[in-house]
Amino acid sequence: MREALFQFYKNIVEKCVDIEWKDLISVDPPKDASFGDFSTNIAMILAKKLNRNPVEIAEEIANQLRNNENVERVEVKKPGFVNWFVPKKVLLAYLPQMCEKDYARINLGNGRKVNIEYVSANPTGPIHAGHTRGAVSGDVLAELLKFVGYDVTKEFYINDAGKQIEILAKSLHHRYMELFGKTKESLPNWAYPGAYLVDTAKKLAAKYGDKFVETAESEWLEIFKQFAIDDMLAMIKDDLHALGVQHDVFSSEKDLVRSGAVDRVLEMLKGKNLIYRGVLPKPKSNDSEEWEEREQLLFRSTEFGDDVDRPLQKSDGSWTYFASDIAYHMNKIERGFDEMIDFWGADHGGYVKRMKAAVSALSNGAKKLDVKLVQLVRLMEDGREAKMSKRAGTFITARDIIDKVGKDVVRFIMLTRRDDAALDFDFKKVVEQSKDNPVFYVQYAYARTHSVLKQFEKTFGKQDVRISEVNANLLSEECLPLLKTIADWPRQVVMAARNREPHRIAFFLADVAAAFHSLWNQGKENTVLRCVLPDDFDKTCANLALIKAMQNVIETAFSIMGITAIKELR
RNA sequence: GCGGUCGUAGCUCAGUUGGAUAGAGCACGAGAUUCCUAAUCUCGGGGGCAUGGGUUCGAAUCCCCUCGAUCGCACCA
């Protein structure tokens with residue numbers, strides 16, 4: 001009995017018929033639990049293929065299932081569903097497996113190489129609160145895919161080649177001059193206003209002294225650029241570590257351009273006749289003035305479903321962000337990734353088509369780029385939107401919210417919504433330790449299990465309970481809902497991984513916690529249902545096995561989510 | 001104007017990738033604690049799934065229209 005429960009039943013159902021289109025068959029819990037524990041649509045699928053009455057087919061399959069001792073109370077319902085219950089003994093037989101470390105670790109990836117690129121914030125300042133969502137989603141998806149057998153590389157792309165780096169260096173220079181009292185004018189409005197550059201300037205001054213005070217821009221620019229990038233990156237990494245995020249690879253746009261990768265990849269696309277010089281039509285949004293018609297180097301993204309062809313070169317002759325991004329994704333392909341997943345902010349949505357087009361062109365359609373657009377986070381302060389002003393340098397940083405509520409809370413809350421739905425993050429609600437707050441709801445359930453273990457020790461003394469020697473039959477009926485929830489964990493993992501939806505794990509944990517809290521409270525009224533029973537050692541051990549299974553699931557889920565399980569709440 | 005994302009209970013959101021009578025939490029109403037932590041639990045009211053069509057045994061889910069929200073739309077990232 002190595003496979004997960006849902007697979008176990010899927011196999012049983014599949015054996016009932018001899019068909020090829022097994023992918024179409026679903027074996028899942030029905031919406032309404034009163035119909036049964038599992039349900040299959042197989043009769044409806046067959047009815048279509050064989051042009052027969054689904055209910056008749058359902059009856060035939062139901063009859064086969066009725067002969068199976070692992071299936072109970074088989075019923076056929078209206079359109080052609082076959083429903084059944086899981087016998088208690090099957091469920092109980094799974095208990096030891098549920099307690100194992102590798103429970104729910106199903107191999108979906110088969111070692112396929114996946115590159116997940118996330119955060120990729122510009123190295124011009126600390127990461128802000130909005131970045132944390134993509135950081136968490138990307139990180140948790142990476143861990144999830146690792147868990148199910150993918151070979152995952154977590155990657156951060158450094159946009160260190162553009163004009164904004166020059167502005168950064170000049171802003172730093174201004175702060176540097178300030179240190180030596182060499183500038184009277186206030187900070188120009190094109191400059192980055194954040195106070196963090198003052199610190200960077202101090203570090204730079206500590207290293208070089210006043211060496212650059214009198215020199216021309218050409219002397220200091222490159223040095224200031226590199227110094228600024230290095231310092232910003234160190235700061236960003238620091239912030240990410242505070243969030244529990246650690247990338248495997250940092251790729252530099254600048255290095256990529258220097259290596260000639262952009263020229264190479266464009267040459268290759270030229271060979272495929274996908275690049276030409278042309279003139280773009282004026283965009284409708286652009287009312288007038290600024291726009292000038294110009295011939296430029298274009299990529300034929302329209303051949304891959306994009307709306308217009310896209311420019312590769314700026315007016316000054318340097319590459320556009322898109323050009324180096326093409327080279328970057330080529331680089332990923334060359335490194336042998338079977339699949340690429342990029343996490344972008346929702347404001348980059350207009351960029352998806354052209355990038356997918358590029359990947360398709362580069363790999364002749366062989367490689368897939370999946371772009372996850374992460375919606376923005378609205379920071380709330382007790383129901384009101386927190387004011388942020390980038391201009392005044394008063395935006396809320398990732399560090400601010402991590403320091404305020406803790407890494408675990410940030411990570412959990414970021415997963416309480418689908419990526420493509422906007423999320424409100426209310427500081428006040430999130431630190432509140434109440435049922436309003438899903439983090440504490442789950443943590444509390446976990447803490448309770450540990451208080452049970454303590455209670456056990458107090459009652460029976462210190463001793464090992466071997467799961468394999470426990471008589472699971474002693475578990476009361478009231479434990480079954482929790483047991484069934486835990487039995488569903490592998491299926492949840494598969495769905496979350498297959499759909500690339502890490503948020504499902506957070507929702508599942510809330511279900512587990514709910515089932516447990518419910519069981520717990522039944523024990524308040526009916527002492528027989530408590531976990532630790534001073535008069536019944538054997539039954540206590542059975543309960544303990546269930547508790548351990550639940551702990552195991554929560555610990556596994558938390559480790560995928562990068563959250564620390566708390567044994568005792570105070 | 002074009003494109004992306006989205007529209008589900010009063011509020012915040014799930015919805016097993018086309019399944020059955022659409023689900024949670026909050027809020028509202030009524031209850032549970034001499035007890036393994038009440039930071040919890042139990043019960044109740046409340047929804048033509050934005051609108052109109054289409055595809056089929058079957059649609060919140062897939063396709064098209066309309067309305068609304070939001071993001072983007074030469075060269076910036």
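Numbered from 1 within each chain, the chains take letters A, B, ... in sequence-line order.
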Which residue, Ala161(A) or Val532(A), contacts RNA chain B at a nucleotide closer to its 5' end, judged by nearest heavy atom?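 Going by which nucleotide is closer to the 5' end, it is Val532(A).
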Who are the side chain to side chain donor-acceptor pair (under 3.5 Å) partners of Asp309(A), not counting sequence neighbours?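 Residues passing side chain to side chain donor-acceptor pair (under 3.5 Å) with Asp309(A): Tyr276(A), Thr302(A).
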State which of [options] makes the closest approach to the side chain of [X].
{"X": "Phe81(A)", "options": "U37(B), A20(B), G15(B)", "answer": "A20(B)"}
{"X": "Asn159(A)", "options": "C75(B), A77(B), G72(B)", "answer": "A77(B)"}
{"X": "His503(A)", "options": "G19(B), A14(B), A20(B)", "answer": "A14(B)"}
{"X": "Ser518(A)", "options": "C41(B), U16(B), A77(B)", "answer": "C41(B)"}
{"X": "Ala421(A)", "options": "A14(B), U37(B), A77(B)", "answer": "A14(B)"}
{"X": "Leu280(A)", "options": "A74(B), G19(B), A77(B)", "answer": "A74(B)"}
{"X": "Arg491(A)", "options": "U16(B), C75(B), A77(B)", "answer": "U16(B)"}
{"X": "Pro79(A)", "options": "G4(B), C71(B), C57(B)", "answer": "C57(B)"}
{"X": "Asn499(A)", "options": "A39(B), U17(B), U37(B)", "answer": "U17(B)"}
{"X": "His348(A)", "options": "A74(B), A77(B), U40(B)", "answer": "A77(B)"}

Any strand: nucleotide that pairs with [N] via Watson-Crick or wobble, under 3.5 Å:
{"N": "U70(B)", "result": "G4(B)"}
{"N": "A9(B)", "result": "none"}
{"N": "C62(B)", "result": "G54(B)"}

To the nearest Å, give me how far apart [atom1] ([X]) and [atom2] ([N]) are.
{"X": "Leu312(A)", "N": "A77(B)", "atom1": "CG", "atom2": "C1'", "answer": "16 Å"}
{"X": "Arg310(A)", "N": "G72(B)", "atom1": "CZ", "atom2": "P", "answer": "15 Å"}
{"X": "Leu373(A)", "N": "C6(B)", "atom1": "CG", "atom2": "C1'", "answer": "12 Å"}
{"X": "Leu529(A)", "N": "U42(B)", "atom1": "CG", "atom2": "P", "answer": "14 Å"}

Can you spot which of Tyr328(A), Phe343(A), Phe250(A) makes a ring-ring contact (aromatic ring centres under 6.0 Å, His included) with Phe156(A)?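 That would be Phe250(A); it is the only one of Tyr328(A), Phe343(A), Phe250(A) passing the ring-ring contact (aromatic ring centres under 6.0 Å, His included) with Phe156(A).
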Would you indicate, yes or no, if [N] has its OP1 or OP2 atom less than 4.0 angstrom from a side-chain nitrogen or oxygen of [X]?
{"X": "Lys524(A)", "N": "U33(B)", "result": "no"}
{"X": "Arg448(A)", "N": "U37(B)", "result": "no"}
{"X": "Gln164(A)", "N": "C76(B)", "result": "no"}
{"X": "Tyr444(A)", "N": "C36(B)", "result": "no"}

Which is true for [X] with a 4.0 Å heavy-atom rule: it touches a base, it touches only sugar-phosphate, or it touches nothing?
{"X": "Ala422(A)", "answer": "sugar-phosphate"}
{"X": "Asp306(A)", "answer": "nothing"}
{"X": "Lys353(A)", "answer": "sugar-phosphate"}
{"X": "Gln296(A)", "answer": "sugar-phosphate"}
{"X": "Ser39(A)", "answer": "base"}

Pairwise P distance for C63(B) and G44(B), with rounding to whole Å: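 To the nearest whole Å, 37 Å.
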On a whole-Å scale, what distance lies between the C1' atoms belonging to A14(B) and G25(B)?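 Taking atom C1' in both A14(B) and G25(B), they lie 10 Å apart.
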Going by atom types only, do Thr485(A) and Asp511(A) share a side-chain donor-acceptor pair under 3.5 Å?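 Per modelled atom types, Thr485(A) and Asp511(A) side chains form no pair under 3.5 Å.
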Is there, by distance only and without an angle test, a donor paired with an acceptor across the side chain of Asp511(A) and the base of A24(B) below 3.5 Å?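 It does not, because no donor-acceptor pair links the side chain of Asp511(A) to the base of A24(B) below 3.5 Å.
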With the criterion set at under 5.5 Å between ring centres and under 30 degrees between planes, would G72(B) be stacked on Tyr351(A)?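 Given the distance and angle limits, no, they do not stack.
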Is the glycosidic angle of G48(B) within 90° of 0, making it syn, or outside that range, making it anti?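 Here the answer is syn: the torsion falls within 90° of 0.
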Gap separating the CD1 atom of Ile229(A) from the CD1 atom of Ile158(A), nearest 0.5 angstrom: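 Between atom CD1 of Ile229(A) and atom CD1 of Ile158(A) there are 8.0 Å.
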